[in-house]
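First the proteins, then the strands, lettered A, B, ... as listed; each starts at 1.
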2 protein chains.
Amino acid sequence: MARTQGSHSDITGPRVREAALRLFAENGYAAVSMRQIAGEVGVQAGALYNYTPDKQSLLFDLMKGHMDDLLRAWAAQSVPETPQMALEQFTRFHIRFHHDRPEAVFVSYMELRNLTPENFEVIEGLRRRYENQLEAILRRGVAAGVFDVADPKIAAMAVIAMLTGVNTWYREEGRLSLPEVEQIYWSMVRKAVSA
Amino acid sequence: MARTQGSHSDITGPRVREAALRLFAENGYAAVSMRQIAGEVGVQAGALYNYTPDKQSLLFDLMKGHMDDLLRAWAAQSVPETPQMALEQFTRFHIRFHHDRPEAVFVSYMELRNLTPENFEVIEGLRRRYENQLEAILRRGVAAGVFDVADPKIAAMAVIAMLTGVNTWYREEGRLSLPEVEQIYWSMVRKAVSA
DNA sequence: GAATTATCTGAACACCCGTTCAAATCAAAG
DNA sequence: CTTTGATTTGAACGGGTGTTCAGATAATTC
């Protein structure tokens, strides 16, 4: 036996990435074997190597893809007039975007240490670019006199940590809808940085 | 060869836990082997089993110990008069305590999914107990009319996520001292929940 | 100083790992 | 319908895994 019916690169490739993402998120990169991923796809381990040079690239591509998606989606947003409006937009965008892809978010935060140093540098750079977006908003608000933060860089880290935290406790079946959560967090963020 | 000079349970036991904590923090539980831990201690892998029934217990004991330390240290704090003072105390306590043991914090946050379900329940319960401390402070402040938070439970999660985030970026050689960081975060927390 | 006990070694157990590759099979092209 | 090329299998490679345990050695007790 070899090539099975209906097999196709366009189909198997995405399925490999999906299976890897799911399993990495659930069990962690180090705890997931190539044979497990292959099993999920319905293929032997050797076949995976038509779609990735190695396990490390599989992880890196997932994380790189996630960060690219994030930066692209943020860049596609409109540019609000005031710093307050920009901060509200960022708050709601961050919560929604991260809510929509919990597995990619989880992997991107948890598996940083399993990247090779070179791959880590790339992801770290992209993350910093995203953080800089918020920092810039805060700086504009400080310059305009509407925000009061002692250190925009640290305030940006604090706000992002707070917002990303939603993913750790939010459940679809829970007591609050996502718009309600957005509203609560926006209220806290607004007050935290306001003059 | 067997028992080596100066070998002692009182010495080796702690060293096993220290090595495990260090290696788990650096490489992740799944990526660290018992032989690696043994190597760090200067002993063969089999000797580790005088100090832990298995690898899982080693992880659990580290996490349980950390959570116990956390709750004990918090319980040892004095009880401030006002909700504002209590919140400031919590903010500064959380930052300092987590700053003092970055490895235990990192392992306790990252390796939850590598716990067996029963062990996970225990750690999760302890974590919830800690979160409830902050939630209670917020509720008292709301009742007293000095805090304005739509949902104390969620506000507690938000504040804790923000504070724990310090560990991801703070460096001893960095631009800010820890007291300065405490001050900045306390200012943000205070404003975020104030009426 | 001999007997006892705590501690550790070293080898073994059964199994899993990421990766490679010739051979087999299937899909598409001519 | 044959040829070609993409895709997959299955076996193999060298090495690593957590854990067990008889036997060896050091510290302690009498």
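Computed from coordinates, the A:Ile11 CD1 to C:dC26 P distance equals 16 Å when rounded to whole Å. B:Asn27 has its CG atom 16 Å from the P atom of D:dG16, to the nearest Å. Spacing between atom OH of B:Tyr49 and atom C1' of D:dT20 amounts to 9 Å, rounded to whole angstrom units. Per the geometry, CG belonging to B:Leu48 stands 11 Å off C1' belonging to C:dC8, to the nearest Å. Atom C1' of nucleotide D:dT17 and atom CD1 of B:Ile37 are separated by 12 Å, given to the nearest angstrom. With rounding to whole Å, A:Arg15 atom CZ is found 10 Å from D:dT8 atom P. Following rounding to the nearest Å, B:Gln44 (CD) and C:dC8 (P) show an atom-to-atom distance of 11 Å.
From A:Lys64, atom NZ reaches atom CG of A:Leu59 across 13.5 Å, with rounding to the nearest 0.5 Å.
With distances taken from any side-chain atom of B:Lys55 to the nucleotides D:dT19, C:dT7, C:dT19, the minimum falls on D:dT19. Checked against C:dT19, D:dG18, C:dC8, the side chain of B:Ala47 finds its nearest nucleotide in C:dC8. Closest to the B:Val43 side chain, of the nucleotides D:dT19, C:dG18, C:dC8, is C:dC8.
Between B:Tyr130 and B:His98, the ring planes lie tilted relative to each other; the angle falls in the 30° to 60° range.
A sub-4.0 Å separation between OP1 or OP2 of C:dC8 and a side-chain N or O of B:Thr12 is present. Checking the phosphate oxygens (OP1, OP2) of D:dT8, a side-chain nitrogen or oxygen of A:Tyr51 falls inside 4.0 Å. Listed pair B:Ser33 / D:dG16 fails the phosphate criterion, with no side-chain N or O lying under 4.0 Å from OP1 or OP2.
Residues A:Gln56 and B:Gly46 both approach DNA chain C. Their nearest nucleotides, taken by heavy-atom distance, put B:Gly46 toward the 5′ side. Of the two residues near DNA chain D, A:Asn50 and B:Val32, the one whose nearest nucleotide lies more 5' is A:Asn50.
Within the nucleic acid shown, B:Val41 has no heavy atom closer than 4.0 Å to any nucleic acid atom.
A salt bridge links B:Glu40 with B:Arg22; the closest basic N to acidic carboxylate O contact falls under 4.0 Å. Using a cutoff of 4.0 Å between basic side-chain nitrogens and carboxylate oxygens, B:Arg127 and B:Glu131 are not scored as salt-bridged.
Figure legend: A:Arg101 and A:Phe97 shown as a cation-pi pair, the cationic atom lying under 6.0 angstrom from the six-membered ring centre and within 45 degrees of its axis.
The base of D:dG16 is not paired with the side chain of B:Arg35 by any donor and acceptor separated by under 3.5 Å.
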